[in-house]
Amino acid sequence: MRQPLHDWTLTPQQAIDLQRHLAPRAERSDRLGEVHIIAGVDIGFEDDGTTTRAAVVLLSWPELVPIEEVVHREPTRMAYIPGLLSFREIPAALRAFERLSQSPDLVMVDGQGIAHPRRLGVASHLGLWLDLPTVGVAKKRLCGGHGEVPEPRGEWTPLTDRRRKEDPADVALDAEGRVTIGAMLRSREGVKPIVVSPGHRISQTTALEWVIACLGRTKLPEPTRLADRLASRRGQRFKHERMQGELGIGE
DNA sequence: GCGACAG
DNA sequence: ATCTTGTCGC
C-alpha cells in the first residue's frame, strides 16, 4: 500500500485544485513487471445511495480465473459530481484492497484514467494511492471526442481532447492540435464501444493491449465485468436463486 | 452564456 | 449508480 497523499473530505474546489496538483504525478510510461495477477475494481450503491459497496476481484493471468474477491461496505461520503468521482469511490476501494491477501500486478478500474478534464480520473487517482499500474475502463465518455469506431471486435479509434493546462508541456499533438487521452474500443460487435485510458504507470498502447487481452465475449473485460457483478450484487442474487432452485423452494 | 457531464 | 420483465437477436 502507500502513504496518504491527502485528506478525502474536501470542498469541490479544493478537490479540483488537488487534481491539478496530482495529475502530473501519474506516470504515463510503462513500469509493468511480469503480470501474474490482474485486479478488477468497481463500486456500487445500496439503500438509495446511502451505502457504498466496493468490490475487488483478483484474476490469474493468463487463465483469467477469479482467485480472490473482497466486498467492503461503508457509509457514502459525498454526492456524485462529474469529474470528482474518485473522491466518492476511492475511500471504500482502498478498504477493500487492504483486505486482499496479495497484491495485483495490474488493476482495471471502472471509470476513466487520464480521459478526464484534469487528466486525473478515478483510475489514475487510485493508481497513485496504491502505487500500482492502473487502466481505466469506462462504459461512457466523460470528455473529448472521436470519430466512428469500426464495427469488428477489437477495432478502436483514438479519443482526443483539446489541450488543457494539466497536460505536460511536451504532449504530442495530432494534426488538429489535439491530445490523445484514450481509445474507444469495440469490445464486442453490435455494442457501444468502451473507453480505455491509461491510469498510472502504464502507456496508452500497453493499456489498450491488456484490455483487449482480457476480453471475453462480453462488452467488458473480465476483471471489470466480475467486479461489476460483485459491486452491483448480481453475483449473489444469481447464486441465491440457484440455491432456492436446488432446494425446491421459491416459485 | 450554452451544452456536456465517468458512476 | 439505482428502480425493473420481458423480449429481440446472435
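Remember, it's a predicted structure, so these values are computed and weren't measured experimentally. Chain naming here is simple, since letters A, B, ... match the order of the sequence lines and numbering starts at 1 in each.
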Using a strict cut-off of less than 4.0 Å between a Lys/Arg side-chain nitrogen and an Asp/Glu carboxylate oxygen, indicate whether [X] and [Y] qualify as a salt bridge.
X	Y	result
Glu166(A)	Arg20(A)	yes
Arg141(A)	Asp161(A)	no
Arg229(A)	Asp42(A)	no
Glu46(A)	Arg53(A)	yes

Tell me the interatomic distance from [X], atom [atom1], to [N], atom [atom2], rounded to whole angstroms.
X	N	atom1	atom2	answer
Asp48(A)	dT4(C)	CG	P	11 Å
Arg141(A)	dG3(B)	CZ	C1'	11 Å
Phe87(A)	dG7(B)	CZ	P	18 Å
Arg162(A)	dG3(B)	CZ	C1'	14 Å
His125(A)	dG7(B)	NE2	C1'	16 Å
Met78(A)	dA6(B)	CE	C1'	13 Å
Met108(A)	dG7(B)	CE	P	16 Å
Leu120(A)	dG7(B)	CG	P	16 Å

If you pin Ile43(A) and Arg188(A) to their nearest nucleotides in DNA chain C, which one's is more 5'?
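Looking at DNA chain C, the more 5' nearest nucleotide goes with Ile43(A).
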Would you mind classifying the nucleic acid contact of [X] as base, sugar-phosphate or nothing, using non-hydrogen atoms under 4.0 angstrom?
X	answer
Asp42(A)	sugar-phosphate
Gly121(A)	base
Val122(A)	base
Glu46(A)	nothing
Gly83(A)	base
Leu84(A)	base

Would you say Lys140(A) places a side-chain N or O within less than 4.0 Å of OP1 or OP2 belonging to dA4(B)?
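Lys140(A) to dA4(B) OP1/OP2: no side-chain N or O under 4.0 Å.
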Measuring to OP1 and OP2 of dG7(B), would you say a side-chain N or O of Arg88(A) lies under 4.0 angstrom away?
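So the side-chain polar atoms of Arg88(A) never come under 4.0 Å of the phosphate oxygens OP1 or OP2 of dG7(B).
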Of the nucleotides dT2(C), dA6(B), dG7(B), which has the atom closest to the Glu89(A) side chain?
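It is dG7(B).
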Nucleotide nearest Leu142(A) (side chain, heavy atoms from C-beta), chosen from dT2(C), dG7(B), dA6(B)
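Of dT2(C), dG7(B), dA6(B), dA6(B) is nearest to the side chain of Leu142(A).
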How about Glu98(A) and His72(A): do any of their side-chain heavy atoms sit closer than 4.5 Å?
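Not in contact.
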Under the criterion of centre distance below 5.5 Å and interplanar angle below 30°, is Tyr80(A) classified as stacked on the base of dA1(C)?
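According to the criterion (under 5.5 Å, under 30°), no, Tyr80(A) does not stack.
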